[in-house]
Amino acid sequence: MSKLATAQAGDELFGLAPEEFVAARDELARRLRREGDAEAARRVKALRRPPLSAWAVNQLARGQQKALDQLLAAGERLRAAHRSALAGGDAAELRAAARAEREAVAGLVAAALAGLREAGHAATDATRDRVAATLHAAAASPEAADLVRHGRLTADLDPSGFGTTPDDETEAAPAGRGPRRRGAAGTGPGRGRGRGTARAGADAAAEGNGDRAVAAEDDAAARRARRAAAVAARDDARKRARLAADQAVLATRHAERLGRLADQAEREAGRARATAAAAIEAASAARERATRAAKDLREAEDRIPADH
């Protein structure tokens with residue numbers, strides 16, 4: 001019950017605004033300690049306030065559950081497409097799955113940044129990148145997906161820290177199957193006394209065959225080791241490539257947004273120039289009217305007869 005109460009309290013804490021987290025956590029820990037539950041108080045006190053990027057992802061688990069479920073489903077589809085492609089499956093499905101995962105991430109990133117702005121926090125490019133990285137990690141790994149789904153992150157997730165087991169891990173040397181000892185073919189009744197030279201020759205041939213079998217098995221083990229290392233390197237390169245591609249997409253969108261802002265600023269500057277020109281023209285017309293009015297006034301004064 002103590003652990004359950006702590007978990008429920010943690011859910012409530014991680015749903016608070018970031019600036020309210022520490023005070024609410026400390027107050028809850030004090031209350032639990034006063035009630036005699038020192039262990040629950042210790043667990044609550046150990047909870048750390050998440051950074052803004054992790055806080056924004058936590059709020060997605062509370063307010064964007066459907067979209068988050070779609071992302072995690074897209075991640076499962078992408079992992080399956082990777083396995084299928086490695087087995088010679090359709091590359092088009094891999095491309096479609098990757099596109100669906102990127103689109104799901106982009107939609108959730110936009111929602112997370114909107115939530116930050118609504119809460120009065122700046123949605124910087126660095127925050128955007130960290131939110132995207134955490135969501136990509138959730139799509140890449142069931143373990144990361146479980147962390148994100150619960151909405152209690154205390155730190156950002158890195159996609160490079162999560163991933164599937166290398167596809168050829170099962171191709172490593174089978175347990176309990178080591179090379180046979182040299183000379184094993186010579187053990188047994190054939191080693192008894194009184195065997196002739198023919199038997200000795202057979203033993204020598206068998207030993208030679210055993211040596212060749214050991215060498216062949218060593219070569220196979222070396223090939224398996226090289227293949228496992230190559231697969232691990234390929235998987236690491238794939239993760240880096242995915243992250244770089246996602247960062248390129250985010251950078252492109254940022255550049256497009258800046259371009260739109262520049263276009264808008266240029267249009268507004270054009271309107272301001274047109275307004276200023278109209279104001280200058282109106283001022284000039286007003287000056288002309290004032291000059292004519294002054295002239296008319298002088299002429300009217302000149303027409304007044306002198307009072308003698």
key: Close side-chain approach of Leu147 and Glu143, heavy atoms under 4.5 Å   = no

message = If you compare all heavy atoms of Ala61 against all heavy atoms of Gly151, which two are closest, and at what distance to 0.1 Å?
response = CB-CA, 3.7 Å

note = Closest non-hydrogen atoms of Leu60 and Ala111, given as atom of the first, atom of the second and distance, are CD2-CB, 4.0 Å

message = Rounded at 0.5 Å granularity, tell me how far CG in Leu72 sits from CZ in Arg77.
response = 15.0 Å

message = Could you measure the distance from the CD atom of Glu118 to the CD atom of Gln59? Nearest 0.5 Å is fine.
response = 11.5 Å

note = Closest heavy-atom pair, Ala144 versus Ala137, reported as atoms and distance to 0.1 Å, is CB-O, 3.2 Å

task = Could you tell me whether the side chain of Ser53 and the main chain of Thr127 form a donor-acceptor pair under 3.5 Å?
result = no

inquiry  = Would you say that more than 12 heavy atoms from the other residues, nucleotides or ligands in this model lie under 6.0 Å from the CD of Glu266, or not?
reply    = no

task = Check whether any side-chain N or O of Trp55 sits under 3.5 Å from a backbone N or O of Thr154 as a donor-acceptor pair, and report yes or no.
result = no

message = Tell me if a side-chain donor or acceptor on Arg152 pairs with a main-chain N or O of Arg149 at a distance below 3.5 Å.
response = no

request  = Taking the side chain as every heavy atom from C-beta outward, state whether Glu19 and His121 have any pair of such atoms under 4.5 Å apart.
outcome  = yes

ask   = Looking only at heavy atoms, which two atoms of Leu52 and Pro18 are closest? And how far apart?
value = CD2-CG, 3.7 Å

key: Non-hydrogen side-chain atoms of Arg48 and Arg25 separated by less than 4.5 Å   = yes

task = Considering non-hydrogen atoms only, spot the tightest contact between Arg79 and Ser141 and give its length.
result = NH1-N, 3.7 Å

note = Looking only at heavy atoms, the pair that brings Ala138 and Ala145 closest together is O-CB, 3.3 Å

request  = Output yes when a side-chain donor or acceptor of Glu93 lies under 3.5 Å from a complementary backbone atom of Ser84, and no otherwise.
outcome  = no

request  = Examine Leu71 and Leu94 and state if one hydrophobic cluster contains both, with Ile, Leu, Val, Met, Phe, Trp and Tyr joined whenever side-chain heavy atoms are less than 4.5 Å apart.
outcome  = no

key: Euclidean distance, Leu16 CG relative to Arg49 CZ, rounded to 0.5 Å   = 12.0 Å

request  = May I ask you to decide if Arg287's main-chain N or O and Thr291's side chain share a donor-acceptor pair within less than 3.5 Å?
outcome  = yes

query = Any ion pair linking Glu35 and Arg31 (charged N to carboxylate O, less than 4.0 Å)?
reply = yes

ask   = If you measure from CG on Leu113 to CZ on Arg117, what distance do you get to the nearest 0.5 Å?
value = 5.5 Å

query = Just by modelled atom types, is the Arg130 backbone N or O under 3.5 Å from a matching donor or acceptor in the Asp156 side chain?
reply = no

note = Between the CG atom in Leu135 and the CG atom in Leu157, the distance rounded to the nearest 0.5 Å is 9.0 Å

query = Hey, what do you get for CG (Leu78) to NE2 (His136), rounding to the nearest 0.5 Å?
reply = 10.0 Å

task = List the steps, then state whether salt bridge (Lys or Arg N to Asp or Glu O under 4.0 Å) holds for Glu39 with Arg43.
result = CA-CA 6 Å; Glu39 178 61 22; Arg43 285 195 294 268; 3.0 Å; yes

key: Worked verdict on Arg292 versus Glu288 for side-chain contact (heavy atoms from CB on, under 4.5 Å)   = CA-CA 6 Å; Arg292 286 195 299 270; Glu288 291 178 1; 3.9 Å; yes

ask   = Does any non-hydrogen side-chain atom of Leu153 lie less than 4.5 Å from one of Phe14?
value = no

query = Would the number of heavy atoms belonging to other residues, nucleotides or ligands and lying under 6.0 Å from CD of Glu299 be above 12?
reply = yes

